[in-house]
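Quick caveat: nothing in here was measured; it's all calculated off a predicted structure.
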Amino acid sequence: VLDDTGSPSPGRMITVVASDSPGDNHTTQTDAKGSFLVEHLEPGDYQVVAMQGMRAIAEALEQKEVDIAGITGGMKTATAKIVDGETTHVVLGTPPSQPIRVEGSVTLGGQAVTSGFVSFSANGRPIVDNLAITNLDKSGHFETVLDGAGRYRITVQRVGGSMLEQSTCEFVRDIPAEDQVVVHLELPEGRISGQVLDASGKPAGNVRLSVFAEGATSTDTMLGGSYVETLTGPEGKFDVRGLQAGSYYVSAGGAQPLGVGGRTLGGHAPGRVSSDTLVLKEGEWIDNLRLKLRDPGTLRATLVDEAGAPVAGASIFVRDAKGRALEAFSLITSDDSGVCEYQGIAPGSYTVSARTADLASQEIGPFAIESGEATAVRLVLQPGTVLHLSFRDTDGQPSAARIQVLGPEGQDMARLFGMQDMQRLYSKDPYEESERLLGPLPPGPYRIQAVIQGESVEKSVRLRGEASKRLTLRAR
């Protein structure tokens, strides 16, 4: 591992994660020469992540407000293909061949944003090879070095007082081929605030709260433009700022969105409830939104393949009666026995589906969740199809697009994002804003709707379980 000057970086924490089994990870740290060794790995593809050393992480965790930026700042990533009987060598933090020093600031409403970090990744290149992450200082200023000119996706993540609090806003900027470039980022001023009440009608403090974008998603963003995960204050109040114009829904309660087998982190989780769709205009403030939690029920899902064998490591997706996912990013996966206990679901009607890197289930339901009860479902996963979409403008040139991919029941498949999608993003494949990979999707009819440079395009396709399917949509 090399630091930003190209020198060996000792004491870094190293995590090696199997791409097809996110729960299979190995941890070590670099020695005095910046080297590390992880042995006895199964053959396959792995992601390698270098973060701050254990002492720096411990110090960040001990702060009154957890210093997330102090943990993630300077993160280095790489991929590795492990072959049986061979040793694979990787270098994390290779110095840029065409360095461009970028500095700038982040503001919101004219005020400096002083907590968080800024990340850059270039269009047309693998994220894992060119991701640059830098912290914001107390004046809202940042500096980093990029490798070459081009079109960059810039993500600003403001962090709160816990590991689970973050507010994300994405930008796209063209970085010219100059020695030094200045980039100022003004966060949008859309705002949603209100209060969460418990099941008895009392203010519910320290409750998980999420703000999800709804509708078409843009291919030049990873997270849909804006995404918020936070906690309510002591009186159950929340105030979410920095939102782009668009449609959103606010969800409160539910289990923490992480865990093999779906087990709740941190004990009892209130039933997750969501607002109606909120259409936020540029700079608008929607105030006095109220959400009332409900006593939760549990979904117990058993996942098997067509032969009846358990399927481990599958991402689980649950939708409410309006077809909206309970989680923007489902990091809840099935355990080794193919079982997932999805906790913290409010009473109501739901559907559920699951997928791995190559298998997918049909979406089953609707089924009812009742307070204090567990509802059992069985999902059969079959070979699915990865849908590879390309978008072209009227001249036939690659172009970003706003898209929806609608399933057999009209449900939006483009906003289902699981562990396998995260692994794919950080693979060796280039990230192209004119491309989008979805799935695997189960067999059935689908409609792809896209807006390319203001022109609406639609195409239908029937998937039959083939490994992949390529489609190109072009503006006319």
Would you say that [X] contacts [Y] through its side chain, given a criterion of any heavy-atom pair below 4.5 Å between the two side chains?
X: Tyr152; Y: Asn123; value: no
X: Val156; Y: Leu187; value: yes
X: Phe142; Y: Val106; value: yes
X: Ile332; Y: Val318; value: no
X: Tyr46; Y: Ile82; value: yes
X: Arg436; Y: Ile403; value: yes
X: Val386; Y: Leu438; value: no
X: Arg447; Y: Val405; value: no

Is there a donor-acceptor contact under 3.5 Å from the side chain of [X] to the main chain of [Y]?
X: Thr351; Y: Gly323; value: no
X: Ser390; Y: Glu435; value: no
X: Ser330; Y: Glu327; value: no
X: Gln404; Y: Arg415; value: no
X: Ser193; Y: Asp287; value: no
X: Thr232; Y: Val207; value: yes
X: Gln411; Y: Glu409; value: yes
X: Ser247; Y: Glu214; value: no
X: Gln244; Y: Glu170; value: yes
X: Arg272; Y: Gly253; value: yes

side-chain contact (heavy atoms from CB on, under 4.5 Å) partners for Asp198, two or more places apart: Ser200, Lys202, Ala204
Partner residues of Arg191 under the side-chain contact (heavy atoms from CB on, under 4.5 Å) criterion, sequence neighbours left out: Asp239, Arg241, Trp285
Quick one: pull up [atom1] in [X] and [atom2] in [Y] and give me the separation to the nearest 0.5 Å.
X: Glu284; Y: Ile286; atom1: CD; atom2: CD1; value: 5.0 Å
X: Leu299; Y: Glu373; atom1: CG; atom2: CD; value: 13.5 Å
X: Leu92; Y: Met51; atom1: CG; atom2: CE; value: 12.5 Å
X: Thr333; Y: Leu303; atom1: OG1; atom2: CG; value: 10.0 Å
X: Phe171; Y: Ile154; atom1: CZ; atom2: CD1; value: 8.0 Å
X: Ser275; Y: Tyr249; atom1: OG; atom2: OH; value: 9.5 Å

Intermediate values then yes/no, side-chain contact (heavy atoms from CB on, under 4.5 Å), Lys81 and Thr88: CA-CA 7 Å; Lys81 180 176 286 294; Thr88 300; 6.0 Å; no
Residues, nucleotides or ligands: over 12 heavy atoms within 6.0 Å of Glu466 CD: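 Check passes, neighbour count above 12.
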Side chains of Ser460 and Glu458, donor plus acceptor under 3.5 Å: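 There is no such pair (donor and acceptor under 3.5 Å, judged by atom type) between the side chains of Ser460 and Glu458.
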Side chains of Thr219 and Glu433, donor plus acceptor under 3.5 Å: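 Thr219 vs Glu433: no donor-acceptor pair found between side chains.
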Where do [X] and [Y] come nearest, in terms of heavy atoms and distance?
X: Ser119; Y: Ile133; result: CB-CG1, 3.9 Å
X: Gly465; Y: Pro443; result: N-CG, 4.0 Å
X: Gly308; Y: Val304; result: O-CG1, 3.7 Å
X: Cys340; Y: Ser334; result: CB-CA, 4.2 Å
X: Ala50; Y: Arg12; result: O-NH1, 3.6 Å
X: Gly11; Y: Thr30; result: N-OG1, 2.9 Å

Salt bridge Arg208-Glu229, side-chain N to carboxylate O under 4.0 Å: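 Counted as a salt bridge, because a side-chain N and a carboxylate O are separated by less than 4.0 Å.
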Step-by-step side-chain contact (heavy atoms from CB on, under 4.5 Å) determination, Thr155 to Phe120: CA-CA 7 Å; Thr155 302; Phe120 292 75; over 6 Å; no
Going by the rule side chain to side chain donor-acceptor pair (under 3.5 Å), which residues pair with [X] if we only count those two or more places apart in sequence or in a different chain?
X: Asp358; value: Thr356
X: Arg300; value: Glu341
X: Ser167; value: Arg158

Working for side chain to side chain donor-acceptor pair (under 3.5 Å), residues Thr302 and Arg378: CA-CA 5 Å; Thr302 300; Arg378 186 174 186 267; over 6 Å; no
All pairs passing side-chain hydrogen bond (donor to acceptor under 3.5 Å, both in side chains) where residues 306-315 contributes a residue, at least two apart: Ser315-Gln420
Chi angles and distances behind the side-chain contact (heavy atoms from CB on, under 4.5 Å) call for Tyr446, Leu441: CA-CA 10 Å; Tyr446 295 87; Leu441 304 177; 3.7 Å; yes
Ring geometry between Tyr227 and Phe212 (parallel below 30°, tilted from 30 to 60°, perpendicular above 60°): parallel
Ring-face cation of Arg319 near Tyr350 (centre distance under 6.0 Å, axis angle within 45°): no
Side chain to side chain donor-acceptor pair (under 3.5 Å) between Ser361 and Glu363, intermediate numbers included: CA-CA 6 Å; Ser361 78; Glu363 194 155 330; over 6 Å; no
Check against side-chain contact (heavy atoms from CB on, under 4.5 Å), Val1 and Ile14: CA-CA 9 Å; Val1 179; Ile14 305 297; 3.8 Å; yes
